[in-house]
Every structure is written in structure tokens, then in C-alpha cells.
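Worksheet: one structure, shown below.
A note on names: the letters A, B, ... follow the listed sequences, proteins ahead of strands, and every chain is numbered from 1.
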Amino acid sequence: MSESKKSLNRREFFSFLAVGWITFTAATAGLLGLVFRFLYPNVNFEPEMEFIAGIPGDYDNGVDERWKNGFGVWIIKREGKLVALSNICTHLGCIPNWLPGELKFKCPCHGSGFYPSGINFEGPAPRPLERFKITTLPDGRLKIDKTKKYRYEKGQWNNPDSYIEV
Amino acid sequence: MEALKEFVNILSGPQYSFTLTLIMFYLLMKYYRIIGTKKFAWGFVILMTPVYLWFMSDDVFRTIIATPDNIPISILLFSVFFFTWLTVHKAAINDERIEAGECPIEGLPENREKVWSWPNLVYNELFVIIAGTIFLIVWAIIFKAPLEEPANPTWAPNPAKAPWYFLGLQEMLVYFDPWMAGVVLPVFIIIGLVAIPYIDTNPKGNGYYTFSERKMAISCFMFGWLVLWIFLIIIGTFLRGPNWTFYGPFEYWDFHKVVAEANINLSEIIWIKMLGTTMPSNLIVREIFGIFVILAYFGISGAMITKKWGQDILEKTGKIRYYFFLFLVLFMATLPIKMYLRWLFTLKYIVALPEWELNL
Amino acid sequence: MKLEPGMAFDTKVQNKVFAFLSILLLLSTVWVILDDYIRPWKAVQIKALDIKKEVLGEKLKAVKASVKPEEVAALKKAIEAGQKIRDSRQAEVDALKKELGETQAKIYAQKIINGADGSSSSAMTFQWEMKKEHGKDAAAKKLKGKLDALNIKWGKGKDYFKQLTTDEKNVLNAIAAKSKELKLAQKDYKEKAGKLDMTQEAYDSASFFSDPINFLRNAPFIDYLDPTIKIQQVVAENITEDRYFKQTEKVDRCMTCHTFIDKPGYEKKDNPYKTHPNLNLMVGADSPHPMKKTGCTTCHGGEGQRVFDFNAAEHRPENEKQKQEWIAKYHYHEGHKIAQPIRKKSQTEAGCVKCHQGKEFIPQADRLNKGRQLVQTYGCYGCHKIKGWEHLRKPGPSLYKISSKVSKEWTKNWVWFPRHFNPKTKMPHYFNQSNNSKPEFLKKNVAEVNSIVEYLFKNSKSFSPFTRYNGGNADKGKALIQNVGCISCHQVEGIGNDFNKVGSKKGPYLTGLGSKVSGDWLVSWLMRPSHYQEDTVMPSFRLSKREASDMTSYLLTLKNKKFSEMKFSDLDRSVRDELLLEYFSSFDTIAVAKTKLAGLDDHQRTLELGKRSIGKFGCYSCHNIDGFEGRSPIGVDLTNEGSKPVTQLAFGHEHIEHKRDVWFKNHMLNPRRWDRGNNKGFKDLLRMPNFFMSEEDADLLTVFLLGQNSEKVPMAGQKNLNEYEVAEEKGHRVMSKYNCYGCHNIDGMGGDILKATAYADDPNEAPPILAGQGHRVHTDWFYNFLGNVHTIRPWLKVRMPTFNLSNEEKNTIVDGFRARKKLPVFEEKPEKVVWEPGERAAAKKLITEYACDSCHTLGFNKDEPMAPNLHHAKNRLRASWIEKWLKDPQSVMPGTTMPNFFADGEAQEPSILGGSVDRQVTALRKYIQEIGEKEFPEAGWYEATGFKKPE
């Protein structure tokens, strides 16, 4: 009896039953995986994350609010650089207001304050505002790409994609 | 070849094909012992294969048969043919054994043995699940679901067909009032099916195939199933085209085909045509003939049937069961009767009371 | 094998079955995953990347050619050198960095201190204010002391902070200065060779296979995270998809396969990788129809949301050849039940109409505009109601006074087959067509034509020409016809190809007139057309009796002998009566009809049949006929013809493709063909006449009809005409009615008369080109001129005629021009000119130096004038335009003979007014205004001035 059992084990390492269950499980896993993949859409109806923002000559020194509504971006020109700051407060995600009289961004939710450079200096905000990628097209127009962010505290503000020299 | 196809087209017309089906049904019931043999089955297959291929060689036929929507119907029909033959085959074997005094196959000791449901039943169920899944997956890949035009509430597709399982009823709508064909008839079908265990007290035929021991019950049911349900689905699926006009299997679905279909009510036939007067204003008086016919049909034929064939059952099952059963059978018979009345006499309604939504 | 008790099957066999089925299940799962993952459009995108690489490769070659490798090497060497210098300063940099670190630490600390101080100060200020408000003066004073101290401290802190940040900046600058040379070298490199690097990098990373991470990003299952091969879509702004009971947003995914459609540089590639043609007008980001706003299916139709493969989008081949190509390449087949497939390329302009409403001709939609022009030429709108075309007059001439113009015999033969008389006529043919040529039908048609003409002549009003024809000089007449301007509207037999090149179809082709009208009629007509037909569009050329007689004499020589010898069959009274009985018995019995017929005498019967026949054929739709005023046009309403369900188009037994555009085209080539194979009675025969259209015409009209559909676009998405465009369009419509475009090229449109060789050689002999007329002339002068046409350019042989314009029409024309230039209605005309000191004398000197009167007459001499009289200029020309003209005439009117005295911004007379162009021009303009006459000139100007009118 044990001999036949042994011979069984040697000849049929993968019994039909084992093969059956392994492939059945694999197939079921594949089908479930397909269901899971199906739940993620192939196209997203998202707002535009890239847009053209005119030419550098359009902007004066200081904070420009023309792209704040609808695009969520401040264009700041200072110290020879043109920068696109995100208007999302780094504390809990509210939208700060630019106070030209006090030369600071002030978030209404918890009072976080940022310098025109985007550096945080008061309130609970832990880190400065993020910059978006800003590049020039061959014809001189500015292109802002909100899918790429640059954070000061990680030293990413030295990345040439985060500013335009003017 | 063309002439033959023309002939088939004509023969497929509802009046002829239904009659043919009735005849074939009768032959099936009468000669089931012969039909139920393997020889017959093989002979049938060998004979019908070239016929089927000849049918499929026609472009129009292929277009209709090969629509993704209609392919399941073909599969269904093959299954119906096969399982009907299987039933008759097994019944024939058993009936011979019973006549010879033996017990049916299912009565043999080895077939009366009990087996464990696991793994015998459950394992096999798993196989069926897997096979079914494979079938559906492959079907879904090969036959893509069609995407038709955006829904337009002001435009109905032509033809507008019900799902295949209701096409028999949709065909019935040609002959019957929508209330009858769409509500009353299906309700009676369901009631009838539900009532079978309560009406049918005959213990014969339980658990084993037979025909001779349950001739009437099987004939009644198979008539309703094969002739009325399945065959009408065949007509509704393959032979009805735009405007619900009849088209033969080789006939191109010309949208502009015009067929004369002027129908007339019984009350109109009698009052206007035969008696030459105007229609009476009183509704009951107007339809009195039709009402009389209906009552006579149920009453007289009911009485006649009971006298000739029904005594036995009446005794065995009692009045309530018997009369209920009789009513259902008579009601079922009204379908072919009405269809023939329409084909032969262009009769529209026996009782026409549109004011009460009651047209029979 | 013996089974154990309780077992119906052998487990070993069952296990084998299980393994087998599971393997099948796994295989079918893999199959379904692959079927879902492998999509034809993905292959297209992968190939697109290769195409991109190709294009970048070409670009790279070009860039490489522009930057020499030695230069690049030199720049790189400079960078290396700069780096070396920087490295040599490492010790200094390190020291500076250490300093920087210390400074920054101090900044950090001070920031915290300042922050605390600042907030304390604000809080304390608030408290102090409150205390003061509530009268707690003592406490307030104490607090104020504290507050002031705090503020001083804080102020010092802020000052210190400023100092620190300045220090930091200085140190940073110092550090940066250490890399000065390096930075300069890098900048230099970037400027000169940066493009090379960028292009090279783009080229290297272009293909799908250049970055291995792409395989992971696009792998099955995990490609939901961040794929590179993905579906691209555009949600069109303010344009919706019509789902019958709901308007949904229009989503177009065509750019998934047409990857470079909006990117310049791929014009030479094959589809789907091609750039869209005419990117400045369509699809380009700067065009009026940017892809992201307009989408694709808005214009082209098709299933924009479907992406699967070539067939999903419902492309339609232009012709059979393309269909076969597509079958071979893409397994092309048509889908079922598609609401609007992609329009054939030649029919794309049908998609312009739904957004561009309210304009007769849509700019740059050439095929559509040609189709619309054909609708006007053939007069389709006469029989077929089309919304937006109601303003046009009936296409055919009025028949109110027909008995005074032509004979009955002529009319019968004309109505029967117009081309027998005029081979270029626009009048279509009703008789002897493909469905009514059987002898019995011909007999009935003959009876109808006889009756029609009888009716027309009976109901014709009487008319007598106001003058008699007493003979004339045919040769002089022929020359007049060639020169005075007839050819801008008419083609005329016998005047030579030179002049018939214009091909104008506004007026009829003048042939066979000698066999049609009398001399009296023709002379009267030529001298005063409105005398015969009050609302005629034909203007008066202010012909003298002699001129008109000469022209008449020539035109009467054009005879059509064959036509005038035709004898039309007589009226067969029995056929007539038969037809009448059919009419009368439409609703009554035959007996009643017979009684009614018997009640009419012979002549009445003919008139009755005539009236019925005119109603049957719909003659009144194109012609004004007495007794038919107010009747609706006979044809089908075509406003939404392009959306008509194909099942409602009567293909009859004709074996043609069941498509809308195929039906339209065939219908226009022969509208009667649908009767073939029918067993119709006479009165049910199709009646639309045959226009003898060319295939090209039928194609263009098909585009027009396809544009007449029920597609809706929300108001915000339509091209809404602003007030200027509305006025422009109104003006254009009046000018179209009177065919101003026949003579004048108005801002690029029209001016076909310039095709005639006589004018092609010297455009100064032709009617003037009206470019920017709205800026040029005063509106009140223009209005007056249109009603009192007088000579401005005396040397011209061609004559501007006097049109029967109503006051409203004149206003509309004038305002249309003005609106086109977006100007205010009036520009100032000074009563008295105000001069600077010495300016007037300078102006007079300029006039002499520049010899204005050598071409323009100034009233000083009466030599042959070659330019308009400047006395009229003040009233006619706007002052700002005069100045613009003087500064550069060629830019205003290319080809003019007016010289440019101020070329290249320099005055030719540098001594006058300091040689300043502006001052000289202003002076000249003022002088012209001063010498301008007070009133508008009269039409009898020649007589008044004594100038010779050119012969």
C-alpha cells in the first residue's frame, strides 16, 4: 500500500486535482482582477491641468491674481523670477487670500500667513506654498503645468522648471 | 432552386406551417415508438443536415439566423429537438418494458441505489458552473453586444420585437386582443402550471419516463409547449419582419411589402353581411351571437368531452379538479381554433366589445 | 472499474474533468483579459510615437546643421574651464557657506522671536483699544506703556531681521559670484546650443520603447495608475449632443488616434497622423475653432465617443475607391443604426450651418457657399420653403403683363421646352421628362399647356410701351452692350467670348430676342425697366433714346428661326374635358362633375383647366401670376431636409444606395426617376421639374441640403453676430439682390466683370474696386449717390446704373459698408476750414508741386480728366480716408494709377512744411475740404459742367 502510494507521489507530482485547483484559483483571481481594473475609468473628466498664461511681459512686479479663479494659481514676479504659486494652503487645504495692504497671503481658515515668496511665517501652516511647473513655449508664451509640484522644504525650488528668469 | 425556395416561403406562412406542425405533433404522439429510436434520430440528422446547409446557403436566411440576437434561438431549437427526442426515446424504452411486464429502467435496483451528494452532485455542479462560465466568456468575446442608435421616444424601431421568450405571445397578439393575449392568457398559463400538482393526482409516471401510462397529460402539455409556445416563437423570431408582416425564410425583408389584412367581426358578419341591417345600439344585443358561441363552445363541447372521455378522470379526481382541468384544456384549444377562424374567414373578434375592453 | 458504494462516478475521472475544465477556464480568462487589453487604438498611438520620432529626427538634423560641432565643442570647453575656476575657489565657497549657515540659523531664530512679538503686539493693541473704549483709562495707560515697549522691541527685531536677510542675500550673491564664469559659459551654451540638446533629448525619449518604465506604466491591470498610452478626450464648450429629450455634453475622443491633429509639423504624414489642414482656421489653438473648445464631431459628425477601432467612429469613404482601400487596410464596414456618421470629406461644410446662422455666405466655406449661390441661381427657394430664405424675391419674372411682351405661340413653345429657345435658361423643364413621355401623357400635357397660356394671357394686365422703336445702329448697339455694363448680369449672344467670360447668371442669357419681343417693348424696357415691372431688379443705365434704339437694333438681330417656326399642337377639347372631369370628381361623383362641366362654356373650360394646371405645376411659386397671390409654394419645406429619416425618402424601385446624400444628388439630376416602374395615373405623376444640372452642381446642392438639418447648438456655442456683423449682413443681402457684386469687387467678393479680358488688361477701365468703402465715403453722400447716380470717373465707358432702391434699401447698403469698418455713422465735415499760419499757402504750393491737376480736374482747366474731380471730395470722401489714401494709395487700392508722394515715409517735397509727411498730408486734406462744393452734384452733371461725355 505504502509502496503504491510512494509510486503515486513520484509519478504524479501535480495530481489532476491539484492542477485543477491551482488553475481554477488563478482563473478566478484573473477574473476578479479584471473586475477590479474595470472599476477604474479609462478616461477622466478633469479640469485642465495645463494652461497657457500669456507672456512674461504681461506681468508686473508683485502678485498677479488673474489666474486665481478657475485655475488656482498666483503668478508672482519678484527678484528677477516669475513663479506660479499654488493657492492651496499647506495647513489643511483652504484657499488663502492675497492682502495687498499687508503684503501677505492670509488663509481665512486658521490664519496661516505666507510672504509673497510663498514662505510661511505665521499661523499653523507647516511649510511654504507649492510651486507649479512653469515653462516657456518656443514662441515665448508661458505654460503652467499643475500636475508637477515643487516644494521649498525639499529644496525643489532650485529646480529650473519651478521658475522663469525675467 | 428558386422555385423550391418560393415553395418553402409559401409553405412557411403561418396557416400552412401551423397546420404542418399540428400534423407533425400528431405523428410524434402516435408513432413515438419509432421516432424514439436511435436509428430514427441518426436518420433524421443525416437527412436534415444537407437540408440545413441548403437553408444556410441562402444569404437572406443566413442574415436572419446569424444575427447575434437570434443565435441563442437556434441553439434553443436544437436543444428542444434533442431533448424531445430523448424524452420520447426513454419513454419508448420504458413503455416496452412495462408492456413486457418489467419495471421501467429507473426501477432497476442499480438505479434505485442512493449516492452521496458530495462529490457526485456537488462536484458535477462545479463542472457545470465552470463550463457555463467558459461558455459565457467566450460568447461575450466573440459576439459583441450591439450598440444601437440613441433612444428616440418619437421613433419606434421596425420591427419592434419582444425578447425571444415572449415572441410567442407577441405572435398571439396578431389574433387576439391585447388584453387577452397579453394578460389573460399568460395568467392562465401560469395558473395552469401552478395548478398541475393539485389537479394531477395520478401517481403513474412519477420518477420514470413513460408515455403510454400518461398519454393525456403528456399530450396536453406537449401540445401547449411544442406547438403553441415553441413554434410560435419560431414564427415570431424568424418569420416576422418589418411591420410584423410575414416573410418566408428566403424572403428579403422589404420594408414596403404590403399584405391584405382586412378582418371583420362576427357581429358584423351576421348583422351587416348576412342580415343586411345596421348594428344594434345595445351592446349585448349586438354581440349576442358571439356570446352565444362562446357559451356553447364551453358548454356543449365541455359536456361532449366529459361524456365521451372524461368519466374516468371525473371519477378519479373529483368534480373541482376535473372541471378546472377541462376549462384549461378548452381554453388552450381556443388558440388554434381562433387562428384557423382568422385564416379561413378573416374573422377578427367573436365577441367585440371595445367599449368594455373585452374582445374575444 | 468498480465504484465504491455511494459513489456514482469515478473520482479520478472527475478530477481529470475538473483539471481540464479549469485549464479551459484559465485560458478563456487570459483570452478575455487580452481581448480587453489589446485595443487597435493603442497600436495607433504606439506607431504615432515612431512618427513623432521621425519628425523629430528631421528637426534634429536641421538643428544639427545650424550648429557646427566645433562651436559646440568650444562652448563645452568653456564650461569645463569655468568649472575648473569654480573648483579652484572651493575653499572660499566653503567659508562663505559656513557664514551662510550661521546667518540662516540666526534668521530662523529671529523669525520665531519676531513672530511671537508681532502676535503679542497685535493682541495687546486690541486689548488696549478695548480698554480705552470702555473707559478704563488707568489700565489702558499702564498697558500702553507695555505696548510701546513691546513695539520698540519688535521694531528692533524687525530691523535686525532685515539686516540678517540682507546679509544672507549678500553671502548668497558672493557664493554665486564664485561661479560667475561657469554660469556665463553655461548661459552661452544654452543660448547657442541649448536647442540642440533639447531636440536631442526629445528625439531620444520619443519612441515608446525608449524608456523601460513605459512597459510598466502601460501593463495590463496596473495601467489605471498613470499610463502613457491612454485615451485622449476633449469636452466641447457650449456644444451639446442631441439625445432627443436631453442635451448632453459633447465628448470627442478622436485625438486618441489622430494624435497630431492640432500640432503643426505633420502635414505630410498619412492619416491618422496628419495635421489638420488649414490650422489657422480650424483646430489650431489660436484659430476661431480651437480643438479644445469646438471638438471634432461638431463639424464632421460621427461617433466621437467611440474609440475601439477605425470602424467605431463611423468614418465614411468619399467614393468606392477609398472604400476598397479602407476594407483592405482597416476591415472597414458600416455600423448599423448610426444617427450621424462622419460626413464625407466633400460634405463637411454642411456642419458649419448649425453654428453660423444668419449669414448668406459663411466665410471660407467655399462648397457650401457655392451650393447656396446655386440655390439662388436655380431658385429652389421659390418652390421650396426654406427658413431664412423668405426675404428673396420670386426667382422668375412677373407674368402680370405677359400679353404685352410675347405672343401666345411663343409662350406655349417656351413652356413646353424652354431650352429650345434659350439653351442657357434657368427655367426648368416640366414636360417630356422621364415619367411623362408616354403618348397619352403627352396629349394631356399639351392640353394643359394650351390652357395655361390661355389663362395667363386672359389675366394679363394691359401694358403699352411708353415709346416707339424707330430703328437703330446695330453695330453701335453691340459696342454699347459690350461696354456700358450689361455683361455684369447678362451673357449676350454674339458679343464674343471676351465679354461672355463673365458667365453671369443674374439676368437671362440674351438670345433670340428678335423672335421674342417687339422693338417698342425692348426700347421701353431698356430705357426704363420699372415701367414694365415695378419691382424689377434690372436697373436703368440712363440710356438716351438713341442709345437704347441702337442696343435694341442689335438685340433684334438675334433671331431663333427654328423656334419661331415651331407650331404648338392645338388644344384637344376632349382631352381638356377629360382632365377637367378628373379634377371635378376628386370629391364629387362623376355625375356631379359632368354637370359642373356642362355648366361652363368652351372658353371658361379652357381657363378653368389653365388655372388648375398652374396650381398643379406650381408656376406661381416662381412667377407672379394674377389670381395666385398668397398661395403657399408648391414644394416640400426644406428647412430640415438634411435630417429627414432615410425611410421617408421615396427611392421607388431605383437601385441606388439608400443614403440621404445619394438620394438628394439623384433627385436633383432627375427628379422624375422615382416614378420608374410605377403604375401611377396621370394626376399622381411626380411634378418637380428638371434643371439639367451638372453633377458638380448636384453635389454642391447636396452639401447645402445636408446643412439644412435640425442639429441644435446652445446659444452660447453659436457664432452670434455682433451689431456690426448684423448690419453688414443686411447690407450684403441688398447688394446680392441687385447684383452689385457683378460689377464691383467688394472687399474681395465679386467683381466677376473683371474677368472679361477688356478689363483684365486695365482694371482702371473697369468698375472701381470697393475696398473699405465704409471708411472711404461719407454716409450721407453715399445715400444721395445711390438715388442720384452721377459720374465720378468721367473716362469710364462702363456706367453705374440707377437702381430702383427703396429708401430702406439705400440705408441698409450704406450702413452695411460702414458697419464692416466698425466706424461711427458720421465723420465731421467742417463748414469752414481752420488753418495754421502759413499752412494754406503751403497747401497751394503742394498742389502745384505734386501736379494734382494734371489728372484731377480742379476747376482750373478743362483737359481730359483721368481722376475724379476734387471739388466733390469734401462731400464724398471721409477726411481720415483722404489722409490714409494720400499716404499710400497702393495699400488701399492695389493697381491704382495714383502716385505715391510719400513713399517710405518721406515726402517728395522736403522743403514744404519741413518735409513732414503728416503736416503735408493734413494741409492737402484741408485744402481739398476747402475747395469742396456745398451741395451734392446733380445727375445732370455733364450738362452743368460742360464736360464731354465719353462715347
### Query
Is it the side chain or the backbone of C:D36 that comes within 4.5 Å of chain A heavy atoms, both, or neither?
side chain
### Query
Can you tell me how far the NZ atom of C:K12 sits from the CG atom of A:L17, to the nearest 0.5 Å?
12.0 Å
### Query
Can you name the residues of residues 159-166 of chain A that have some heavy atom under 4.5 Å away from a heavy atom in chain C?
none
### Summary
Closest heavy-atom pair, A:W21 versus C:F18, reported as atoms and distance to 0.1 Å, is N-CE2, 3.5 Å
### Message
Under a 4.5 Å cutoff for heavy-atom pairs, which residue among C:V235, C:I231, C:I222 has the most contacts with chain A?
### Response
C:I231
### Query
Taking atom NZ of C:K52 as the centre, does the number of heavy atoms from other residues, nucleotides or ligands within less than 6.0 Å exceed 12?
no
### Message
If you compare all heavy atoms of A:G20 against all heavy atoms of C:S22, which two are closest, and at what distance to 0.1 Å?
### Response
O-OG, 3.1 Å
### Query
Can you tell me how far CZ of A:F24 sits from CG of C:L21, rounded to the nearest 0.5 angstrom?
10.5 Å
### Message
Would you call the rings of A:F36 and C:Y224 parallel, tilted or perpendicular, taking 30° and 60° as the class edges?
### Response
perpendicular
### Message
Using every non-hydrogen atom in the two residues, find where C:K111 and A:N120 come nearest and quote the distance to one decimal.
### Response
NZ-O, 3.4 Å
#### Entry: C:E201 atom CD, neighbour heavy-atom count above 12 within 6.0 Å
no
### Query
chain A heavy atoms under 4.5 Å from C:Q14: which part of the residue, side chain, backbone, both or neither?
neither
## Note on the structure
Heaviest contributor of heavy-atom pairs below 4.5 Å to chain C, chosen from A:I52, A:N42, A:V19, A:L31, is A:L31
### Query
Hey, is CZ on A:F121 packed in by over 12 heavy atoms from elsewhere, all under 6.0 Å?
yes
### Query
Tell me, do C:V251 and A:F45 make a side-chain contact under 4.5 Å, heavy atoms counted?
yes
### Message
If you count every heavy atom of other residues, nucleotides or ligands that lies below 6.0 Å from C:K59 atom NZ, does the total exceed 12?
### Response
no
### Task
Give a yes or no on whether C:K293 atom NZ has more than 12 heavy-atom contacts from other residues, nucleotides or ligands under 6.0 Å away.
no
### Summary
Correct closest heavy-atom pair for A:F16 and C:N15 would be CB-O, 3.8 Å
### Query
Do you know which two heavy atoms are closest between C:L26 and A:A26, and how far apart they sit?
CD1-CB, 3.8 Å
### For the student: nearest non-hydrogen atoms of A:R141 and C:D286, plus distance
NH1-OD1, 3.7 Å
## Note on the structure
Counting heavy-atom pairs under 4.5 angstrom with chain C, the leader among A:L34, A:T28, A:N44 is A:L34
#### Entry: More than 12 heavy atoms from other groups under 6.0 Å of OH on A:Y152
no
